[in-house]
Amino acid sequence: MYTPNQNPSERLDAVRQRIHLACERANRSPEGVRLLAVSKTQAPEKIRALVHLGQKCFGENYVDEAVAKIEALADLGLTWHFIGPVQSNKTRAIAEHFDWVESVDRAKIVRRLADQRPADRGALNVLIQVNLDGETQKAGCAPEEIEALAEAIEARPELRLRGLMAIPAPRDGDDEQRAVFARLKHLFDRLAERHASVDTISAGMSGDLEAAIAEGSTQLRVGTDLFGPRS
Ligand SMILES: *Cc1c(COP(=O)(O)O)cnc(C)c1O
């Protein structure tokens, strides 16, 4: 959990320690869990500090802010994931600057990202965001819509289908929290059976990463516990 007065190195160590413990309990290798540092609202210098400690993958939610940082930090060879809601008028900037987009939830966005991906950047890695909370959450497609979207992504060589992302609402108990991640794992297994490129479940944040690891997450998105509270 986030503790004031820790320096970046202590925070990163604490998160890595939690990941190791959760993997041990789940009988999984920590190598199978990527840590994405969510750097929205954080200044480039704070990102640099984490890079010097070995962190290479970063997640951003706001396109204009992200593009400025990606350009300012271009010398570092980082991998950038777009994790915020995708607006149609921002797809070009996402396609041009990011390595991954984790929040694809409709066919129109698939078409635009593919049309706008520059040929020299290689395929854009895509996760389908799925809504596991029914009507209480707007972002993400319904579970029944995953397969059609997956086929649309796979039909475009500019895109590479990698898996699913979800941001489930916090649940009261540990069992309830795990149950929702288990549903995501089930959807992932079905998708992976039909699409060979699928290898990623993006689930788990500062507050629920243990439950996500227990249920098979392969990528955590952690902001607060790495950077401190957002201003
Ligand atoms: C902000 C954000 C996170 C990080 O959340 P923390 O609670 O700060 O770790 C993860 N995923 C998404 C999609 C976010 O927008």
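The structure displayed is predicted, hence computed values, not measured ones. Ligands are counted one by one from 1 in listed order, and the atoms in each one are counted from 1 as well.
Inter-residue side-chain proximity for I167 and D133 is flagged as unmet; no heavy-atom pair is nearer than 4.5 Å. Under the 4.5 Å side-chain criterion, counting only non-hydrogen atoms from C-beta, L36 is not in contact with L220.
Checked for salt-bridge contact, R121 and E96 miss the test: no charged N lies under 4.0 Å from a carboxylate O.
Cation-pi check for R221 over W100 is not met; the charged atom does not lie both under 6.0 angstrom from the ring centroid and within 45 degrees of its normal.
Listed by chain and number, V38, K40, N61, I83, I167, M205, S206, R221, V222, G223, T224, R230 each place a non-hydrogen atom less than 4.0 angstrom from ligand 1.
Taking every heavy atom of both residues into account, S103 and Q129 meet most closely at CB-OE1, 3.3 Å. Between V222 and M205 the shortest heavy-atom distance is CG2-C, 4.3 Å.
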